[in-house]
Protein chains: 2
Amino acid sequence: MKSPTLHDVARLAGVSSATADRVLNRRGNVAEKSVRKVEEAVNQLGYVRNIAAANLSKKRGYHLAFVLPRRSHAFFGRMHEQLQKAALHLKSARVSIDVIEFEAFDIHALEAALSGLSETNYDGVAFVGLGQEAALKPLEALRASGVKVVSLVSDGPQDCRDHYIGIDNEKAGRTAARLVGMAHAGNIGRLIVAAGSLDARDHSDRIKGFRAVLKRDFPNIEITPVIETMDQPRQMRELLSERLRNDAGNTAIYNVGSGNEGLVDAIRMNGRDGLSVCVVHELSTCTRDALEDGTIDVAIDQRPEIELNRALALLQAIVDDLPPPPAPELIPAIYLRDNLPNE
Amino acid sequence: MKSPTLHDVARLAGVSSATADRVLNRRGNVAEKSVRKVEEAVNQLGYVRNIAAANLSKKRGYHLAFVLPRRSHAFFGRMHEQLQKAALHLKSARVSIDVIEFEAFDIHALEAALSGLSETNYDGVAFVGLGQEAALKPLEALRASGVKVVSLVSDGPQDCRDHYIGIDNEKAGRTAARLVGMAHAGNIGRLIVAAGSLDARDHSDRIKGFRAVLKRDFPNIEITPVIETMDQPRQMRELLSERLRNDAGNTAIYNVGSGNEGLVDAIRMNGRDGLSVCVVHELSTCTRDALEDGTIDVAIDQRPEIELNRALALLQAIVDDLPPPPAPELIPAIYLRDNLPNE
DNA sequence: CAAAAAATGATGATCGTCAATCATTTTGTC
DNA sequence: GACAAAATGATTGACGATCATCATTTTTTG
């Protein structure tokens, strides 16, 4: 009924609890024979260390840091918000969370933020990996000193973090393509693609997936040259308006990046005549409204709240050197006007 | 830095830790004045009870029961599987999970299973609420004896459980309608709808949402009379084949319930000529294959694995009388052939 | 075989909370 | 002011693991 304790293991193994402890925590100075006996007892009893008791005695709480871009974009705002809620809830589990903000898209801001962490003594760090190529050294330093590291949203080299939590952006692009394709029902189409910057890894992955599917399965749809908006609503509005005004015959729009306010403005001004489908990424006040009034049709959403929860659960586990909790793959939500989340 | 303990609270309140304990655990026999002082100290220090220590001292583990239908359907198989994985992972947190299986769609099986629980002493129970109308009495008994109760997948009366975890089926139906509509690109269509049984709450909810959207936004699509399949692949195959053979001009299929093996067979036999879109519910080996080879286009999936994880996290929290962990709404995944989860 | 080295056992404090006991003080009431 | 009732304080031993210390035993080595 009740689970066995370290004492039970020691007794069954015929050693003292001190030795059993030495084995389980790899303190060394144990005879090979004793190690085997203890391990056998562990297996036989199905002993699992009581982490709560362990942490209590070690007077350890989970000390975590989240390195996030400022709340400039709605997307990161949602992350911050969820983090705050979660932090409150996790206080009773001795999880303390510090938030370190940095300027998004500033190449060196992330590096600076991460460097600052090496002095402190966090158990785990999660960071949004935009521009992490510049931040390899501080990451390496962190990991070398035993800190567990998780990258969020955008992944980088495998050996600069313990895990990545985020969506598969190529898959997201393919999904968008399929939706655009389906909405043409075999008709001929012409498509406008807009992107923030073709340099960003996540954006280029999306475009790659998008193009692949469109080319293979929907040759009836022609892609016009990509609009680069630098994720700025204004540029988006102007460039897109121009396209819509000058070229008739556009049937679809896909925005890979952000700047959706501009996109929505442009469509509202020009009307949706001839446009059979419009797909964007991320849910925000703006895109939500646009979905509800039919200005756009689909918002593919990363669900940052869920990513954040995952990161928290994962860090808690790996900080204890436990295997990551079993969790199914992150699939971006496909929001239509009919399945928007409440409130 | 480190969080305050009960002792700190007592000291600040100017009472003994015994009294502080009496206040926090509502043991009674405390003067109103002392209660106030302690509560004030709690607020001032931001004291949060260390649950790990509390549970350790109470020698309490989380003793949970999951009452699930047998693994007859792929859907429940996925739940069982996830539950097993999670159970393994949660052993170190002193969470023990018992699984009680019952025969799906047997009205009294659930009642019997739940009745059996009143003898035992679980802290929390999750159950799949198919046919819970018949099981109100045992649920009431459980809750009366302090057991926390969560219903999964299909909800019932509010006061027979503490929380419901599952999708909004009406929303799922609306989503299906939107996808079907989009895929018609304004063309005229004729739609075949199949359902397991119109009695099942979740199925009827889906149909309700589906019809509402189709009627309002896609009057160009005609709905032919619903095929009732009792979720049996064979009936599905025969009835659907008949329809496809006899009536030309069908443009879409929507299956509200299960029995997708039959649906897939029928379409493969008849070919997809003229069918512009085919939407079903739940991902399984069968529907996954069908998505990949283009037999069907969309599978709306409840993601039982996620529901299960949610239930676990929720039970752990409410068993401790904590507020439910902050988690965003469950949105069913929309699977296309391009965003299927790996492996 | 003796000395050094390695392995082991025994013990006890600690973490924060719970739960129980018993002694003492503060109330309220007639 | 006596007396009961209520409130409080003080104390203690779990709970399960960690970690350090010290004494003792076993093994290795020359």
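Numbered from 1 within each chain, the chains take letters A, B, ... in sequence-line order. Note that this is a predicted model, so its numbers are computed, not measured.
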Which pairs of donor and acceptor atoms, one on a side chain in residues 136-146 of chain B, lie under 3.5 Å apart (sequence neighbours left out)?
residue   : atom : partner   : partner atom : Å
Arg143(B) : NH1  : Asp159(B) : O            : 3.0
Arg143(B) : NH2  : Asp162(B) : OD1          : 2.9
Ser145(B) : OG   : Ala141(B) : O            : 3.4
Ser145(B) : OG   : Leu142(B) : O            : 2.9

*Using the test side chain to side chain contact (heavy atoms under 4.5 Å, CB included), find all partners of Thr120(A) that sit at least two apart in sequence or belong to another chain.*
Leu117(A), Tyr122(A)
*asked:* Tell me every residue that passes ring pair (Phe, Tyr, Trp, His ring centres under 6.0 Å) with His80(B), counting only those two or more places apart in sequence or in another chain.
replied: none
*By salt bridge (charged side-chain N to carboxylate O under 4.0 Å, His left out), which residues pair with Arg49(B), not counting sequence neighbours?*
none
*Output all residues satisfying side chain to side chain contact (heavy atoms under 4.5 Å, CB included) with Arg310(B), sequence neighbours left out; order by chain, then residue number.*
Ile306(A), Ile165(B), Ile306(B), Ala327(B), Pro328(B), Leu330(B)
_Walk along nucleotides 10-19 of chain D from 5' to 3' and tag each nucleotide B, S or - by protein heavy-atom contact under 4.0 Å, base first, then sugar-phosphate._
B----BBBSB
*Hey, can you pull the residues of residues 29-39 of chain B with a non-hydrogen atom under 4.0 angstrom from DNA chain D?*
Asn29(B), Val30(B), Ala31(B), Ser34(B)
_salt bridge (charged side-chain N to carboxylate O under 4.0 Å, His left out) involving Glu307(A) - partner list, sequence neighbours excluded_ = none
*What nucleic acid atoms does Gly14(A) come within less than 4.0 Å of, heavy atoms only: base, sugar-phosphate, or nothing?*
sugar-phosphate
*Mind checking salt bridge (charged side-chain N to carboxylate O under 4.0 Å, His left out) for Glu103(A) and listing every partner two or more places apart, or none if nothing turns up?*
Arg70(A)
*Under the salt bridge (charged side-chain N to carboxylate O under 4.0 Å, His left out) test, which residues partner Glu329(B), sequence neighbours left out?*
Lys171(B)
*Where at least one partner belongs to residues 21-43 of chain B, residue pairs that pass salt bridge (Lys or Arg N to Asp or Glu O under 4.0 Å), sequence neighbours excluded*: Asp21(B)-Arg27(B)
*Does the ring of Phe76(B) carry Arg78(B) above it, NZ/CZ under 6.0 angstrom from centre and within 45° of its axis?*
no
*asked:* Need two values: the first and the last nucleotide of DNA chain C, 5' to 3', having an atom under 4.0 Å from any heavy-atom of chain A.
replied: dA7(C) to dG16(C)
